[in-house]
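One structure is given below, encoded as structure tokens.
Everything numeric here is computed off the predicted structure, so don't read it as measured data. Every chain is numbered from 1 and lettered A, B, ... according to where its sequence line falls, protein lines coming before strand lines. Hydrogens, waters and symmetry mates play no part in the numbers below; they use all other heavy atoms, side chains included.
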2 protein chains.
Amino acid sequence: MGRPSGGNRKEEILEAGLEVFAKKGYYNTTTAHIAEKAGISQPYVFRFYKTKEELFIAALDRAFDRILDTFKNVDASGEQLVEKMIDAYDKLSELHPNEIALQVIGISVTESAIRNATQKGLSNIRSYTLERFRDAGIENVEREVTTFLARGILCNISYFVDLPELIDTKNK
Amino acid sequence: MGRPSGGNRKEEILEAGLEVFAKKGYYNTTTAHIAEKAGISQPYVFRFYKTKEELFIAALDRAFDRILDTFKNVDASGEQLVEKMIDAYDKLSELHPNEIALQVIGISVTESAIRNATQKGLSNIRSYTLERFRDAGIENVEREVTTFLARGILCNISYFVDLPELIDTKNK
DNA sequence: CTTTAGTTATTGATGAATCAATAACTAAAG
DNA sequence: CTTTAGTTATTGATTCATCAATAACTAAAG
């Protein structure tokens, strides 16, 4: 046919991929599923992303980038920092649940390029958090950062596997 | 051909499955890989486990059962409980790393029977931990249990994605 | 304006590979 | 011979990825 597009096809595909990957996981998502969600044909996906893997990594990068940006936009110091960061993450999770799911999925994908992206993403988040906690003068930084990240990831998992009992109730 | 076995084939297959699944993940593991590891032919696997999924669930159940057993064998009260439980888990992780990996893998497998097994496994661990913490008279139980589980899972992830920097160094 | 040449957007068809699962068979033990 | 333990051969389904064809648009030429 012709050119019904108009918008940014590449972006549309990324968005579609994000949705489908988040729901079905990496391996159970076919390029046909993504194409369908994006309203295009399956082979056309490959005009924009050389491989399914490349598309997944693009989506995963977006997820990690947004977390980092969210933390960077937290403007608080000292005592309030941790609380504000948790609030920011909670808001992000509500606004972009698919990106949260993608993080969880990335962890157990064994393809090496994806593994690398996951390592880099997690590593960056830890580094940045450590820096902020340190600057805020928090005691016992390393341990506090680990606990902070651990609780965050457990939240993601609790959401992804649909097991809300996994986290304590009065945690907003 | 004949009957080279002698031992418990079903158990051997489970063990082989545990190893291969832990290393390659659920979807990248083929029944041929498992068969090879177990030293038998690919179709023979199906004599003992109706489906690949059934075999994975058997392996996953074993992993969760062992964690629960490990915690049940922790004999400590009050102040020492948490410390002892962490020690026990550390030991378990060293002794059965494949089972730790399997836990992580189970989380992002979307097949519903596997999802159910994962939910049940995590849920049981939380319930039991909660009970123990409560009996030990720990303050703010819910929150402490969440943190305990969160840190444990982050350890698993850190091991599985090979990113040791993810956890604080002087932990163990 | 209106051809015409060229480009961009998109699809249908399909190849090659992989895999779980089944069926049919064989050989040893008792 | 018949049960047990195991194999080889095979299949049907799926899926990523390629490619040739085509529809729709743009811009230059007359």
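- Taking 4.0 angstrom as the limit, B/R9 places none of its side-chain polar atoms (N or O) nearer than this to OP1 or OP2 of D/dT4.
- Distances were taken from every side-chain heavy atom of A/P43 (C-beta onward) to each of D/dC19, D/dT7, D/dA9; the shortest belongs to D/dC19.
- Classified by interplanar angle (parallel below 30°, tilted 30° to 60°, perpendicular above 60°), the ring pair A/F21/A/Y26 is parallel.
- Minimum atom distance to the side chain of B/K52 is reached by C/dA21, of the listed D/dA17, C/dA21, D/dT15.
- In a base pair of the Watson-Crick type (N1 to N3 plus N6-O4 or O6-N4) or a G-U wobble (N1-O2 and O6-N3), with each distance short of 3.5 Å, D/dT2 is matched with C/dA29.
- Checking A/G39 against B/E53, the closest nucleotide of DNA chain C that is more toward the 5' end is the one next to A/G39.
- Comparing C/dT10, D/dA17, C/dA20 against the side chain of A/S41 picks out C/dT10 as the nearest.
- A salt bridge links A/E12 to A/R9: at least one charged side-chain nitrogen sits closer than 4.0 Å to a carboxylate oxygen.
- Looking at the side chain of B/Q42, the nearest of the listed nucleotides D/dG6, D/dA17, C/dA20 is C/dA20.
- Each of A/R126, A/R132, A/E131 was compared with A/Y128 under the side-chain hydrogen bond (donor to acceptor under 3.5 Å, both in side chains) criterion, and only A/R132 meets it.
- Between A/E54 atom CD and D/dC16 atom C1' there is a gap of 14 Å when expressed in whole angstrom units.
- When the options A/D61, A/L92, A/I100 are evaluated for a side-chain contact (heavy atoms from CB on, under 4.5 Å) with A/R66, the one that passes is A/L92.
- In this structure, A/Y44 does not reach the C/dT11 phosphate: none of its side-chain N or O atoms is under 4.0 Å from OP1 or OP2.
- Spacing between atom NZ of B/K10 and atom P of D/dT4 amounts to 16 Å, rounded to whole angstrom units.
- Within the shown strands, C/dT18 is the pairing partner of D/dA13 under the Watson-Crick or G-U definition, both distances less than 3.5 Å.
- Judged by Watson-Crick or G-U wobble contacts below 3.5 Å, the nucleotide D/dA23 has C/dT8 as its partner.
- C/dT18 atom C1' lies 14 Å from atom CD of A/E111, rounded to whole Å.
- Put simply, CD1 on B/I40 is 21 Å from P on C/dT26, counting in whole angstrom units.
- The CZ atom of B/F46 sits 17 Å away from the C1' atom of D/dA5 (whole-angstrom rounding).
- Residue whose closest nucleotide on DNA chain D sits further toward the 5' end, between A/R47 and A/T29: A/T29.
- For the pair A/E165 and B/Q119, the minimum side-chain heavy-atom distance is 4.5 Å or more.
- Residue B/T31 has its side chain nearest to C/dA20 when only C/dA9, C/dA20, D/dA17 are considered.
- What separates OH of B/Y27 from C1' of C/dA17 is a distance of 20 Å, to the nearest Å.
- Rounded to whole Å, the distance from CZ on B/F48 to P on D/dG6 is 6 Å.
- Taking atom CG on B/N28 and atom P on D/dT14, their separation rounds to 19 Å, with Å as the unit.
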